[in-house]
Amino acid sequence: RKEVEQDPGPFNVPEGATVAFNCTYSNSASQSFFWYRQDCRKEPKLLMSVYSSGNEDGRFTAQLNRASQYISLLIRDSKLSDSATYLCVVNKGGKLIFGQGTELSVKP
Amino acid sequence: ETGVTQSPTHLIKTRGQQVTLRCSSQSGHNTVSWYQQALGQGPQFIFQYYREEENGRGNFPPRFSGLQFPNYSSELNVNALELDDSALYLCASSWEVGRQPKKYEQYFGPGTRLTVT
């Protein structure tokens, strides 16, 4: 079993839609979690950090359920510019463990 | 931009050769981590350097080695290149205090795309 597992993609949604990504992790000792965004052939960029039960930043909301070892990312009012791959990341002793990523394509 | 720089941006090598990749960390960051990202996969942790010492290593063979310099910049060396080493190599910088991350966030450079033929 992979340490971090994400929903398989791609997600194809119209502009303005709400989309949710799910992620599960296997190491119950993990303390910090992140969502990174990666555009095609570019480096991952930090989108949100999740240290407690959740975090909200504008249209983006991340939630953490430690009992179920589950993290989610909700994007409201999708924009064309949100098209990217979203990586669920778990911090394990200072090293980042990445999920495979979920591709999002927002269409006009 | 994160302020993390990497060189070169692209590199083509043949099987069996050796390669050195370079990374300069973000100002104020003392720790550098290296990741390998194969096409269609998430980045995989190679190793991390803190105060010029290796501070954790992933499941990569010894032919992957590294260095960190007093100015916190870092090198990744790969010997005896194999076709499967073709990937995007990413470095990320962060701030660690006494081997414990003060802030867990890591910021990535643009990567070096290595092709092994």
Side-chain angles (χ1 to χ4, degrees), chain A residues 1-10 21-27 29-52 55 57 62 64 66 71 73 84-105, chain B residues 1-6 9-10 23 26 29-51 53-60 87-115:
Chain A
R1 182 188 170 190
K2 292 183 179 178
E3 291 188 80
V4 180
E5 296 199 65
Q6 294 186 241
D7 278 350
F21 303 136
N22 302 314
C23 172
T24 56
Y25 61 95
S26 60
N27 188 340
S30 298
Q31 293 296 314
S32 52
F33 310 87
F34 309 93
W35 284 99
Y36 278 76
R37 170 200 167 122
Q38 187 171 29
D39 293 286
C40 186
R41 303 182 73 82
K42 298 283 190 180
E43 74 273 22
K45 293 187 177 179
L46 181 63
L47 179 65
M48 296 187 76
S49 303
V50 188
Y51 295 109
S52 57
N55 193 7
D57 183 5
L64 170 65
R66 290 184 189 272
I71 314 156
L73 177 68
T85 296
Y86 290 82
L87 297 159
C88 175
V89 185
V90 173
N91 176 49
K92 181 179 176 182
K95 72 178 185 182
L96 301 183
I97 309 297
F98 285 80
Q100 185 175 3
T102 302
E103 184 182 346
L104 171 66
S105 179
Chain B
E1 300 301 325
T2 63
V4 180
T5 61
Q6 291 186 244
T9 54
H10 296 84
C23 171
Q26 181 174 321
H29 283 183
N30 60 3
T31 300
V32 172
S33 304
W34 286 91
Y35 296 83
Q36 180 196 67
Q37 186 174 24
L39 202 60
Q41 302 296 317
Q44 300 291 313
F45 176 75
I46 302 175
F47 43 55
Q48 183 180 82
Y49 277 84
Y50 166 71
R51 287 193 173 181
E53 290 184 9
E54 190 176 285
N55 184 35
R57 188 179 183 93
N59 294 325
F60 281 81
L88 179 67
Y89 287 85
L90 296 158
C91 81
S93 74
S94 57
W95 174 248
E96 312 285 315
V97 178
R99 297 188 181 272
Q100 296 299 319
K102 181 179 181 181
K103 190 175 184 183
Y104 299 98
E105 297 165 1
Q106 297 186 12
Y107 298 89
F108 285 84
T112 294
R113 192 164 298 278
L114 173 65
T115 302

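Below, chains carry the letters A, B, ... as their sequence lines are ordered, and counting in each starts from 1. Small disclaimer: the values here were computed from a predicted structure and weren't measured.
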Exercise for the section: Could you have a look at B/Gly109, B/Gly56, B/Gly111 and say which one has the most heavy-atom pairs with chain A under 4.5 angstrom? Expected result: B/Gly109
Practice task
Specify which of A/Lys45, A/Gln6, A/Gln38, A/Glu103 makes the most heavy-atom pairs with chain B at under 4.5 Å.
Solution key: A/Gln38
Handout entry: B/Glu105 to A/Ser49 - nearest heavy-atom pair and separation
Key = OE2-OG, 2.6 Å
Fill in the blank from the handout: Under 4.5 Å to a heavy atom of chain B? For A/Lys95 that would be both
Handout entry: Main-chain N/O of A/Leu96 paired with B/Tyr35 side-chain donor or acceptor, under 3.5 Å
Key = yes
Problem - Reported CZ-to-CG distance for the pair A/Arg41 and B/Leu39, which is rounded to 0.5 angstrom - result: 8.0 Å
Handout entry: Exercise: do B/Gln6 and A/Glu43 side chains pair donor with acceptor under 3.5 Å
Key = no
Problem - Part of B/Gln48 within contact of chain A (heavy atom distance under 4.5 Å) - result: side chain
Completion exercise
Scored by heavy-atom pairs under 4.5 Å with chain B, the best of A/Leu87, A/Leu46, A/Val4 is A/Leu46
